[in-house]
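Below you'll find the structure, written out as structure tokens, and then a few comments.
Sequence lines set the chain letters: A, B, ... in the order given, protein chains first and strands last, and positions in each chain run from 1.
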Amino acid sequence: MSKVLMKGNEAIAEAAIQAGCRYFFGYPITPQNEIPAYMAKRLPEVGGCFIQAESEVSAINMVYGAAGAGARVMTSSSSPGISLKQEGLSYIAGAELPCVVVNMVRGGPGLGGIQPAQSDYFQATKGGGHGDYHLVVLAPSTIQEAVDLVMEGFDIADQYRNPVMILGDGMLGQMMEPVEFRPLSSKRELPPKTWATTGYTGDRPRNIINSLYIDPQVLEEHVKKIYQKYEEIKKNEVKVECYNCEDAEIIVAAYGTTARIVKSVIQKAKQEGINVGLIRPITLWPFPTSTFEEWAQREHIKAFMAVEMSMGQMVEDVRLSVNGKKPVFFYGRTGGMVPEPNAILAEIKKVIGGVLR
Amino acid sequence: MKQEKGRIAIFTGHFGSGKTELAINYSIKLARQGQAVTVVDLDIVNPFFRSSEVRDVLEKEGIRLLSPNFVGTTVDVPSLPPEIYSVFQSKNDKVVFDVGGDDIGATALGRYYPYFMQEPYRMFFVVNVRRPLSSAPEQIIEMLKAVESRSRLKVTDLINNTNLMYETNLNHLLEGQMIVEQVAEKLNIPIAYISGVTDVIDKLPEKYSSKGFPIDIYLHPPWDRKDEV
């Protein structure tokens with residue numbers, strides 16, 4: 001298929017359709033409204049179903065139902081709406097159901113604002129809802145990557161029976177880039193959905209979708225089983241990009257939109273004779289811990305710096321991964337302010353000056 | 001661009017067709033011809049990537065910009081300031097309306113209907129056939145009709161703005177031209193301009209060159225804003 005020019009939000013919606021998603025339940029919120037709007041137009045054309053729910057809470061529970069019936073299903077929202085969906089996400093993770101949830105993050109806390117932010121990192125990667133569980137969190141930095149990750153996200157969700165979150169931000173949702181919809185490069189062997197509640201006809205035991213375990217021993221076993229799955233995911237699914245790290249003095253950790261800004265900072269720094277590397281986690285959970293560990297052992301790397309559109313969230317995972325081997329600094333803007341390349345460069349110079357002195 | 005007749009220009013089209021870049025470029029060209037220009041950012045659809053973000057650029061060109069209340073803040077309330085009515089009073093200024101995408105965006109024009117009826121206007125419908133839901137003449141016509149119905153105004157001109165941003169080549173533009181020509185023929189609406197970045201427009205074949213409308217790109221994501229360097 002030839003290339004088309006798409007907004008991030010539209011491209012994510014189309015990618016879901018191409019991945020076989022036929023059900024979408026959502027509730028509008030800026031800056032992701034193009035996703036439900038596109039789904040409302042396109043899903044009926046492909047025999048799917050779009051419902052604008054009466055609230056985020058009902059939308060996520062509709063997702064729970066459709067996922068339980070074995071369908072490929074998606075919902076999307078932005079920060080405050082994703083907060084409302086946390087109870088449902090915990091139930092979906094507890095009931096081991098596959099689905100894809102998109103969060104086009106905006107400034108918070110509270111109702112916050114509509115401009116881009118990355119301040120939902122903790123919520124996305126550390127649980128968000130109650131109980132012992134994880135979402136697989138994918139953080140694209142271009143619209144093409146968003147398309148590819150949405151398509152693969154449905155496969156990851158099905159393979160592990162776990163919800164997958166696409167964590168973008170308002171910038172990625174609103175900007176336009178040429179994209180193409182291409183089949184995934186790696187084909188996965190997906191297990192048949194023998195557990196789905198497709199209607200009891202007597203030829204198999206009844207399938208029950210449930211996240212309630214009254215016997216604590218049984219619940220502990222259930223959670224341990226889920227955690228074995230998480231170990232598999234950690235082993236198989238980590239994605240990370242290392243950029244210009246080989247000769248770098250300092251490595252910046254950034255994801256999504258911010259990583260693109262950092263790439264332009266790296267070019268500027270080069271012109272001034274400063275070598276800056278970038279580690280860009282593409283999966284935020286599982287976090288690319290070993291990549292940071294490896295680079296932290298290199299002698300030429302003097303320091304790490306996390307740059308985020310938040311007050312400092314991913315930086316905690318960077319610190320845990322670097323594990324004291326090198327100092328870890330932080331620079332961030334929040335509330336919908338996007339860090340400017342010159343400001344990041346100034347911050348890098350400050351760190352380098354301090355570390356080398 | 002020749003001396004434009006008519007005082008009021010309205011840019012409509014599919015969501016993401018390039019209306020804003022065209023409206024900015026069109027306004028700057030008018031201003032550089034020595035005209036007094038007011039740009040009305042009437043986009044009630046897009047939260048960002050909008051003409052109000054280039055206020056500094058426009059003001060440097062001596063262009064007055066009227067934006068919705070709360071633009072660029074954290075409030076997405078589509079509230080329009082009363083100053084917009086002033087553009088219908090001062091009969092000397094050129095006025096450029098940068099309208100939000102699709103029929104939904106065009107709805108905002110409706111409230112000014114009585115004023116648009118009092119003098120001639122040009123309403124451009126911008127087409128990028130590389131955008132979703134605008135690749136076939138029928139889809140373009142359907143949206144054009146919807147825009148006319150919501151705004152209660154008539155499209156007077158088409159603009160072929162087919163592009164893939166930084167990946168655009170002449171073939172994309174000519175391929176778009178074939179489609180837009182079919183729309184023009186069916187609706188009997190002329191194609192006013194064929195627009196694109198200068199590199200591409202310079203290569204337009206002779207028969208199209210008089211319609212060529214080279215544009216500069218003003219809206220950038222934060223990692224390639226030139227003023228940052």
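- Within 6.0 Å of the CZ atom in A:Phe330, the count of heavy atoms belonging to other residues, nucleotides or ligands exceeds 12.
- With a 4.5 angstrom heavy-atom cutoff, A:Glu10 touches chain B only via side-chain atoms.
- Note that the CE atom of A:Met175 and the NE2 atom of B:His220 stand 12.0 Å from one another [nearest 0.5 Å].
- Considering only heavy-atom pairs separated by less than 4.5 Å from chain B, the leading option among A:Lys41, A:Met176, A:Glu34 is A:Met176.
- Within 6.0 Å of CE on B:Met178 lie no more than 12 heavy atoms contributed by other residues, nucleotides or ligands.
- Every residue was checked against the salt bridge (charged side-chain N to carboxylate O under 4.0 Å, His left out) condition with B:Glu142, not counting sequence neighbours, and none meets it.
- At a 4.5 Å heavy-atom cutoff, A:Gln267 makes no contact with chain B through either its backbone or its side chain.
- Residue A:Lys263: no heavy atom, backbone or side chain, is found under 4.5 Å from chain B.
- In terms of non-hydrogen atom pairs under 4.5 Å with chain B, the most contact-rich of A:Gly107, A:Pro116, A:Pro339, A:Ala11 is A:Pro116.
- Looking at every heavy atom in both residues, B:Leu164 comes nearest to A:Val4 through CD2-C, 3.6 Å.
- Shown here is B:Glu185, whose CD atom has no more than 12 heavy atoms of other residues, nucleotides or ligands within 6.0 Å.
- Listed by sequence position, B:Asn128, B:Arg130, B:Arg131, B:Pro132, B:Leu133 are the residues of residues 125-133 of chain B in contact with chain A, using a 4.5 angstrom heavy-atom cutoff.
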